[in-house]
Amino acid sequence: MLNTMKRFIALVDCNNFYVSCERLFSPSYIDKPVVVLSNNDGCVISRSNEAKLLGIPMGAPYFKFQALCKRHKIIAHSSNFELYGDISRRVMATLEAFVPSIEIYSIDEAFIDLTGIADPLAFCVMLRGKVMLWTGIPVSIGLSYTKTLAKAAGEVAKKSENGVFGLLHEEDINLTLQALNINKVWGIGNQWGMKLELKFGIRTAYDLKLASATFIRKHFSVVIERIIYELKGLSCLELEEIETKKSISSTRTFGRSVSELSELREAIASYTANAARKLRRQNSKAYGIYIYIRTDRFRDTTQHNKGKLIELTYPTSDTGALISAAIKGLEAIYKRGFQYKKAGVVLLDIVRENYLQRDITEEYNVERGLRSAALMEAVDELNKKFGKRLVQHAAEGVKKEWKVKADLLSPRYTTRWDELINVY
DNA sequence: GTGTCTAAG
DNA sequence: TATTCTTAGACAC
């Protein structure tokens, strides 16, 4: 059955991506244990192989491992997403130069369609070399017939000598799936993994492949049913090449707790501006904006978690319009006397920019829409040229004392003139 | 329709 | 003192 399948899918995965980015500009980090931390330097989100060997788990709360880090001289960095985003663009551009059909799955991963290529495995080896040469980022590539199998191949590739692994023959596939724990299968996490194992004795990817799809469908969902077919080599998940997000959110945990409405207003305005920028980047407008505030979920006994959805009468991507809606929502749910620790906004009901609804074709709104579009374009352009925060709405505030902490930040080498690397 | 659960990276 | 952030889909109600 497998030999009749002509469709090849590969997964390209950057190795320890954030750490690899830091190493690009600090060659002394090579062969040393390095970790990169999340916002507020809260937990570990990327580890070099050396750091993994020293026993730092993924997602580890930094404060629990600080002593270990000190003892072993582990280098720790705050996350520098501006740098990582730029390096990511370069890696993806390299892939796009060689492959016509690509789905950028995350900041450090892409699926590519290699159907029609005579020797796809050799192609992957070549591609890996090009990415290394052009960007300096090491990648692993897993090759097979479906996304789920390519993911499984990628797991093996990560640990292999040359960083490329093909899952192309039935026997290889079965052996690999037998060695893959059920909760390591793409799309199956700890909850479902536990249920599958404890209730049905399904311990490995191979066990799942052999399970009855209809039975699993009954006890779980279509999601896992699809995974079964994918493990059998029947592709159910297509490459999604065009990116138009259905919701866009911007949320943050504060550097300290915040109880003043005025400070929350600034934070909400900033997050809204951030989300609106992403919205415009994909040429879309939003019909709704959801905002929420919450107290510290780890400490409080009297918690206050509240959110509010504001529906807009017409879709917009105008920062000012979105901010005033968001502030209105905030004022409706704010209660004084609470120590807020986190706030966020989510843009919803997103439509493409050229989508016009009947009632906004009135002259007034069209003219207004055009003016706002021109203004937003100018703002985005200026900020792109001179730094993110040159032009911003007054509501966003200037001091931003609530801002996240990032004490161990590396320079944004590739996107800021004043933070270029110095060579003496 | 909305909220909750689950997952991924 | 310190426990991320963003997106998506399914399902129960």
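Proteins get letters first, then strands, A, B, ... in listed order; numbering begins at 1 in each. Side-chain atoms are counted along with the backbone in the values below, which use heavy atoms only and exclude waters and symmetry mates. None of these values were measured; they are calculated from a predicted model.
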Practice task
Could you walk me through whether A/Gln282 and A/Ser284 pass side chain to side chain donor-acceptor pair (under 3.5 Å), step by step?
Solution key: CA-CA 6 Å; A/Gln282 66 165 46; A/Ser284 301; 3.0 Å; yes
Please set out all donor-acceptor pairs under 3.5 angstrom arising from side-chain atoms of residues 184-198 of chain A, sequence neighbours excluded.
residue: A/Trp186; atom: NE1; partner: A/Tyr105; partner atom: OH; Å: 3.3
residue: A/Asn190; atom: OD1; partner: A/Asn183; partner atom: ND2; Å: 3.1
residue: A/Lys195; atom: NZ; partner: A/His219; partner atom: O; Å: 3.4

In chain order, what residues pass the side-chain hydrogen bond (donor to acceptor under 3.5 Å, both in side chains) check against [X], with sequence neighbours excluded?
X        : answer
A/Arg203 : none
A/Ser140 : A/Asn15
A/Asn162 : none
A/Ser247 : none

By nearest atom, which of the nucleotides [options] is closest to the [X] side chain?
X        : options             : answer
A/Gln66  : C/dT4, C/dT6, C/dA2 : C/dA2
A/Ile45  : C/dC5, C/dT4, C/dA2 : C/dT4
A/Ser249 : C/dT6, C/dA8, C/dT3 : C/dT6
A/Pro61  : C/dT6, C/dC5, C/dT3 : C/dT3
A/Ser247 : C/dT7, C/dT6, C/dT4 : C/dT7

Handout entry: Sugar-phosphate only, base, or nothing, as touched by A/Ile248 at under 4.0 Å among non-hydrogen atoms
Key = sugar-phosphate
Practice task
Assign A/Phe17 to base, sugar-phosphate, or nothing according to its heavy-atom contacts below 4.0 angstrom with the strands shown.
Solution key: nothing
Fill in the blank from the handout: For residues 49-61 of chain A, the side chain to side chain donor-acceptor pair (under 3.5 Å) pairs (sequence neighbours left out) are A/Asn16-A/Asn49, A/Asn16-A/Lys52, A/Arg23-A/Glu50, A/Ser48-A/Glu50
Practice task
For residues 321-350 of chain A, pull every pair meeting salt bridge (Lys or Arg N to Asp or Glu O under 4.0 Å), keeping only residues two or more places apart or in separate chains.
Solution key: A/Arg265-A/Glu331
Handout entry: Within residues 214-225 of chain A or reaching into it, pairs that qualify as salt bridge (Lys or Arg N to Asp or Glu O under 4.0 Å) - sequence neighbours excluded
Key = A/Arg217-A/Glu225
Practice task
For C/dT4 and B/dA7, measure between their C1' atoms and round to the nearest Å.
Solution key: 16 Å
In this structure, how many angstroms lie between the [atom2] atom of [N] and the [atom1] atom of [X], rounded?
X        : N     : atom1 : atom2 : answer
A/His77  : C/dT4 : NE2   : C1'   : 18 Å
A/Asn80  : C/dC5 : CG    : P     : 16 Å
A/Ile350 : C/dT6 : CD1   : P     : 14 Å

Problem - Proximity to DNA chain B (any heavy atom under 4.0 Å), residues of residues 184-202 of chain A only - result: A/Val185, A/Trp186, A/Gly187, A/Ile188, A/Gly189, A/Asn190, A/Gln191, A/Trp192
Table of protein N/O atoms under 3.5 Å from nucleotides 9-13 of chain C N/O atoms:
residue: C/dG9; atom: OP1; partner: A/Lys246; partner atom: NZ; Å: 3.4
residue: C/dA10; atom: OP1; partner: A/Arg226; partner atom: NH2; Å: 2.9

Exercise for the section: Could I get the full list of ring pair (Phe, Tyr, Trp, His ring centres under 6.0 Å) partners for A/Tyr18, not counting sequence neighbours? Expected result: A/Phe81, A/Tyr84
Practice task
Provide the start and end nucleotides, 5' to 3', of the part of DNA chain B that has atoms under 4.0 Å from heavy atoms of chain A.
Solution key: B/dT6 to B/dG9
Handout entry: Sub-4.5 Å side-chain heavy-atom contact between A/Val99 and A/Phe123
Key = yes
Practice task
Indicate whether OP1 or OP2 belonging to C/dT3 is found under 4.0 Å from a side-chain N or O atom of A/Thr253.
Solution key: no
